[in-house]
Protein chains: 2
Amino acid sequence: MEDKLIYRYEYPHPSVTTDCVIFGFDGSRLKVLLVERGVEPFKGKWALPGGFLRMDESAEQGARRELQEETGLAAAYIKQFHTFTEPQRDPRERVVTIAYYALVKLQEVKGGDDAARAEWFALDEVPALAFDHDQILRMATQELRRQIHFEPVGFELLPEEFTVKELQLLYEAILDVRFDRRNFYKKMLHLELLTQVNTDHANRNQPYLFRFNEEKYNELKQKGFRLEF
Amino acid sequence: MEDKLIYRYEYPHPSVTTDCVIFGFDGSRLKVLLVERGVEPFKGKWALPGGFLRMDESAEQGARRELQEETGLAAAYIKQFHTFTEPQRDPRERVVTIAYYALVKLQEVKGGDDAARAEWFALDEVPALAFDHDQILRMATQELRRQIHFEPVGFELLPEEFTVKELQLLYEAILDVRFDRRNFYKKMLHLELLTQVNTDHANRNQPYLFRFNEEKYNELKQKGFRLEF
DNA sequence: TCAAAAGTGTTCGCTATACACCCATGG
DNA sequence: CCATGGGTGTATAGCGAACACTTTTGA
């Protein structure tokens, strides 16, 4: 047994992991992907996907690897938001976890190739989680809300083409507020971050489809604009 | 030599450190505290104060310990903002660093009891730093600017009592913008975050002194307000 | 037939901005 | 005496919030 412990240090080193809060939007509610733990501790409990940081990868690469394993998505919006370091947060040993949140388009998600059971939960229906993952999830939500004031992160959660109503529902889900439909519509169009797809709408009752205008966004970002909500 | 390496693991573990970007304000410019490295690598170069995380302390406790050693200050505003994990960021071994920034009142700072030479640099006069500390400093500045939209962090950098002009100079230094003196004055008073100290001003030419009204701030925070700048 | 959806208009009030003014001080 | 610093006032433009209207569809 002893000869397996071949990595030796003069001082104790904590383990380092990455955990990933994966957000999706189903058209009306914000969801988060959880995996069921198959081993102790917290066996049977739900937890955030995560794993040990490899010595040759950065934390972001590690988090992307987790994301890929769980959702099949290689490229997605991913952002580091906090590192959790309480000495007792893992009962087995000292573990420091670098936490990311990812924004994925739900309809592009394939089942993960991981053996573990994974499931999407609405944010207000998340069960008690393993370790300090409740706290991690709470902070991720907070950071997402904060981030939305500086970057149009919402678009990462919608399909390529979407209606203004869908966009509004998303913003309302993230910020937990209600907007006036008409004001939201005008405000969004006025920002010029949306490009209309189908210029001819036969039906006054069928909404326009839009795409996110990334070029225009980069333009505005140069000038240092803010998204007011 | 071998028998010093008594901490053994089945898998390799990175070292974990905390680094601390300590900001101060001298009345006209934003400053940052750097220490001169006494050992290789980067011997003689300037770097951010930092050190290894102890196994019984959280990262924040570690950062506070660094802050205390460098400035003598036990309580100050301190905030984790990013963890740097590039595999090659330290030429010796794999080191992950959890970075904090601290806001201190310059006039309360005592010399550090650390042996290392420490010095305050104006933000735009910072020399090339050791490791990836340039990048860390840049991100700290960015985060401070971002944070100021949600929390009145500026007050952490001023003395207990200050004039509106001083507050304006601070905001201008942080955000690198200029404000109209008269509009800034009214806006600040209108927010009601300031409590006037000397109600009688004998001299029309000597400015009022103010304190930060923390109670009022907590009130406003409940209602979810934003600082517009 | 009528409620619901989606695009368009209008009004009002707040506030950010620009800029004028007044007063006391000190060189 | 006048430039400077510091507190106060005012006018305008723009935008967000509230809410009316119109058309089309489908139950």
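Just so it is clear: chains get the letters A, B, ... in the order the sequence lines come, proteins before strands, and each one is counted from 1. Heavy-atom basis, side chains included; hydrogens, waters and symmetry copies ignored. Everything numeric in this text was worked out from a predicted model, so none of it was measured.
Summary for the helix from C:dT1-D:dA27 to C:dG27-D:dC1: the axes at its two ends, each from 5 pairs, differ by 0° when rounded to the nearest 10 degrees.
One interatomic measurement links the two molecules: CE of B:Met188 to C1' of D:dG6, which rounds to 17 Å at whole-angstrom precision. Taking atom NZ of B:Lys187 as the reference point, atom P of D:dG7 lies 18 Å away to the nearest angstrom. Distance, B:Gln196 CD to D:dT8 C1': 13 Å, rounded to whole Å.
If you take CG on B:Leu53 and CD on B:Glu60, they are separated by 12.0 Å, rounding to the nearest 0.5 Å.
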Expected rows: protein N/O vs nucleotides 11-15 of chain C N/O, under 3.5 Å:
none

Atom pairs under 3.5 Å: protein N/O with N/O of nucleotides 1-4 of chain C:
none

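Within residues 168-186 of chain B, the residues that place at least one heavy atom under 4.0 Å from DNA chain D are, in residue-number order, B:Arg181, B:Arg182, B:Tyr185, B:Lys186.
Residues that satisfy the side-chain contact (heavy atoms from CB on, under 4.5 Å) test with B:Leu191, not counting sequence neighbours, are B:Met188, B:Leu193, B:Leu227. Every residue was checked against the side-chain hydrogen bond (donor to acceptor under 3.5 Å, both in side chains) condition with B:Lys45, not counting sequence neighbours, and none meets it. A search for side-chain hydrogen bond (donor to acceptor under 3.5 Å, both in side chains) contacts involving B:Glu172 returns B:Gln168, not counting sequence neighbours. A search for side-chain hydrogen bond (donor to acceptor under 3.5 Å, both in side chains) contacts involving A:Asp180 returns A:Arg182, not counting sequence neighbours. A search for side-chain hydrogen bond (donor to acceptor under 3.5 Å, both in side chains) contacts involving A:Tyr100 returns A:Gln80, not counting sequence neighbours.
A salt bridge (Lys or Arg N to Asp or Glu O under 4.0 Å) check over residues 187-198 of chain A, counting only residues at least two apart or in different chains, returns the pairs A:Glu192-A:Lys216.
Counting heavy-atom neighbours within 6.0 Å of A:Glu108 CD, excluding the residue itself, gives a total above 12.
Under a 4.0 Å N-O distance rule, the pair A:Glu119/A:Arg117 qualifies as a salt bridge.
The six-membered or imidazole ring of B:Phe131 lies near that of B:Phe42, with a centre-to-centre distance under 6.0 Å.
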List the atom pairs, donor and acceptor, that lie under 3.5 Å between side-chain atoms in residues 20-33 of chain B and the rest of the protein, sequence neighbours left out.
residue, atom, partner, partner atom, Å
B:Asp26, OD1, B:Ser28, N, 2.9
B:Asp26, OD1, B:Arg29, N, 2.7
B:Arg29, NH1, B:Glu125, OE2, 3.3
B:Arg29, NH2, B:Glu125, OE2, 3.2

Side-chain polar contacts of residues 151-165 of chain A - donor-acceptor pairs under 3.5 angstrom, sequence neighbours left out - could you list them?
residue, atom, partner, partner atom, Å
A:Glu151, OE2, A:Gln147, NE2, 2.7
A:Glu161, OE2, A:Arg211, NH2, 3.1
A:Thr163, OG1, A:Glu166, N, 3.1

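The shortest heavy-atom contact between A:Ala118 and A:Glu70 is CB-OE1, 4.0 Å.
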